[in-house]
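One structure is given here, and the rest of the page talks about it.
By convention in this document, chain letters (A, B, ...) are assigned in the order of the sequence lines, proteins followed by strands, and residues within each chain are numbered from 1. All values below come from the heavy atoms of this structure, side chains included, with hydrogens, waters and symmetry mates left out.
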Amino acid sequence: MRFHPPASGLDLDRCLFSGQVFRWERERVVPPVPGAFREDDDVRYRGVDGEHWFEITRPEERLIVETNGSEGDFARLFRLDADVEEIARKIVAAAPEMARAIESQPGLRMMRPSDPVEVFFSFLCTANNHLKRIMPMVRKLAEYGEPIGTTPFRRFPRTQVIASTPESELRAKGFGYRGATIPYAAQVAMIRGGDDWIRSLREVGYEEARRELVSIKGIGNKLADCICLYGLHYDEAVPIDTHLWQAACRTFFPEHTGKPLTELRYRQVGEFFRDRFGDLASWAHLYLYFDHMGQ
DNA sequence: TACGGACCTTTC
DNA sequence: AAAGGTCCGT
């Protein structure tokens, strides 16, 4: 089907290529013309969320979405129900220091992917890695998935498929040591119940889900929080990596600047965000993180 | 608890 | 050298 979603407060580049989701493509509909006024509009985004594919174009500033899903599926993925203006107001009210970080990232939204299995394995690709390499890796994993209908799009493979993929095969595809950790984590997940187990973590609460995840070798604090946030939809999860740690030190804890992020400090920073921002802890972290990345 | 190294590979 | 870490030794 085809529809026009509201486009205000939604920056597709910021949302789709910022490391919240990893499988989207951006291509030019027509070759760029030097100095052309509309070159930013002449793009097409293609991607998959769960069992739905999406093609998004924006001629004339207006979004056109084609999909095998519904308008509701699109709205859920981009959280169009969330009032970003109000969220920004609440965050700034709780922390005036955040005003500049929020203003610097218009159209950035917390994504809400529908397939927790894809999120689980995508973030296993991100450890000690960079986005330029992460995205091709996630796409390679997705090649193990089933095509969606007769389209070139594929659903992300199920846990069982990843669990039975040999380490050597992934290493040959450039996964490095993650060629071992990814199938291993899949095997542990299979023992606990596979896809259903991963999905069931949405029902057990943030603390319990997090405990389960970090008990898997290869998933530490940061990956567990990413999976909790993007895959399991726990908005109180605050993934803290080196960049957010630096940004948090600069903005909130100048006395910690330059110190390493220990287990203890990891917990303290997460609690700080939850105390200060409540349900908006992860939104606050998102703005701070990407503001810092842009520096 | 906290600190140092190792870990695959690619990219800046 | 560092990358959106994590594990394993001290």
Answer yes or no: side-chain N or O of A:Arg133 and base N or O of B:dT9 forming a donor-acceptor pair under 3.5 Å. yes
NA contact type, [X], heavy-atom cut-off 4.0 Å: base, sugar-phosphate, or nothing?
{"X": "A:Pro239", "answer": "nothing"}
{"X": "A:Arg178", "answer": "base"}
{"X": "A:Phe123", "answer": "nothing"}
{"X": "A:Leu244", "answer": "nothing"}

[N] [atom2] sits how many Å from [X] [atom1], rounded?
{"X": "A:Tyr177", "N": "B:dG5", "atom1": "OH", "atom2": "P", "answer": "17 Å"}
{"X": "A:Leu261", "N": "B:dT1", "atom1": "CG", "atom2": "C1'", "answer": "14 Å"}
{"X": "A:Asn129", "N": "B:dA6", "atom1": "CG", "atom2": "P", "answer": "20 Å"}
{"X": "A:Arg267", "N": "B:dA2", "atom1": "CZ", "atom2": "P", "answer": "8 Å"}
{"X": "A:Leu170", "N": "B:dT9", "atom1": "CG", "atom2": "P", "answer": "12 Å"}
{"X": "A:Leu108", "N": "C:dG4", "atom1": "CG", "atom2": "C1'", "answer": "15 Å"}

In a check of salt bridge (charged side-chain N to carboxylate O under 4.0 Å, His left out) between A:Asp115 and each of A:Arg158, A:Arg23, A:Arg76, which one passes? A:Arg158
Given the C1' atoms of B:dT1 and C:dC7, what is the spacing between them in whole Å? 16 Å
Between C:dG4 and B:dA2, how far apart are the P atoms? Round to whole Å, please. 25 Å
Check this one for me: any side-chain N or O of A:Lys132 less than 4.0 Å away from OP1 or OP2 of C:dA3? no
Would you please test A:Tyr234 and A:Asp225 for side chain to side chain donor-acceptor pair (under 3.5 Å) and show each step? CA-CA 9 Å; A:Tyr234 291 114; A:Asp225 276 326; over 6 Å; no
Let me have DNA chain C in dot-bracket notation, would you? Count Watson-Crick plus G-U wobble pairs, both distances under 3.5 Å, and use [ ] for pairs crossing earlier ones and | for inter-strand partners. |||.||||||
Comparing nearest nucleotides in DNA chain C, the 5'-proximal residue of the pair A:Lys217, A:His285 is A:His285
